[in-house]
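Worksheet for the structure shown next.
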Amino acid sequence: MLQSIGPLRGMLDLTALLFALLLPFAHLPGYESSWNLFFSGVLPACAPIVIIVIMLDVMMSQIWKSDASTERITALNWIIKVHCVAAGLLLVSFLMVFLPVLVP
C-alpha cells in the first residue's frame with residue numbers, strides 16, 4: 001500500500017511527521033543564532049504551509065476519485081487517510097505549542 005502513495009506524497013507526509021516531532025522544541029528563547037532560528041523561526045512558519053499543501057492534495061485526490069477505476073479509488077482512499085493522519089498530527093503539534101501563546 002505504501003507504494004501507491006508515491007515518492008512525492010511520501011516525502012510530504014514524512015516532512016509533516018518530522019515537523020510534528022520537532023515543533024515541541026519551538027519555544028527556545030532568542031532565535032537570532034544557531035539552530036534556534038530553525039526551531040523558533042522556520043518550523044513555525046513552514047508547518048501551516050505543509051498542512052495547506054497536504055489538504056490541497058486531499059482535495060485533488062477526492063476530485064480524481066470521480067473518474068477512476070475501482071483499484072485506483074482504493075489507492076486514493078488510502079492516500080487520503082495517510083494524508084489526514086499526517087496533517088492531523090502536525091496540526092495538533094502546532095496547536096500544542098502555539099495555542100498557549102495565542103490564548104492567554
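Heads up: numbering here begins at 1 and tracks the sequence.
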With a 4.5 Å cut-off on side-chain heavy-atom distances among I, L, V, M, F, W and Y, is there a chain of contacts connecting [X] to [Y]?
{"X": "Ile73", "Y": "Leu76", "answer": "no"}
{"X": "Leu17", "Y": "Ile79", "answer": "no"}
{"X": "Val82", "Y": "Ile63", "answer": "yes"}
{"X": "Leu21", "Y": "Phe38", "answer": "no"}
{"X": "Leu89", "Y": "Ile5", "answer": "no"}

Measure the shortest side-chain to side-chain distance between [X] and [Y] over non-hydrogen atoms and say whether it is less than 4.5 angstrom.
{"X": "Phe19", "Y": "Ser93", "result": "no"}
{"X": "Lys81", "Y": "Val85", "result": "no"}
{"X": "Val97", "Y": "Phe25", "result": "no"}
{"X": "Ile80", "Y": "Cys84", "result": "yes"}
{"X": "Lys65", "Y": "Asn77", "result": "yes"}

Closest non-hydrogen atom pair between [X] and [Y], with its separation:
{"X": "Ala47", "Y": "Leu23", "result": "CB-CD1, 3.9 Å"}
{"X": "Met55", "Y": "His83", "result": "CE-O, 4.5 Å"}
{"X": "Leu90", "Y": "Ala20", "result": "CD1-N, 3.6 Å"}

Inset, instruction - Using modelled atom types only, decide if a donor and an acceptor are shared between the side chain of Thr74 and the backbone of Thr70 within a distance under 3.5 Å. - result: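 Yes, the answer is positive, given that a donor and an acceptor are paired below the 3.5 Å cut-off.
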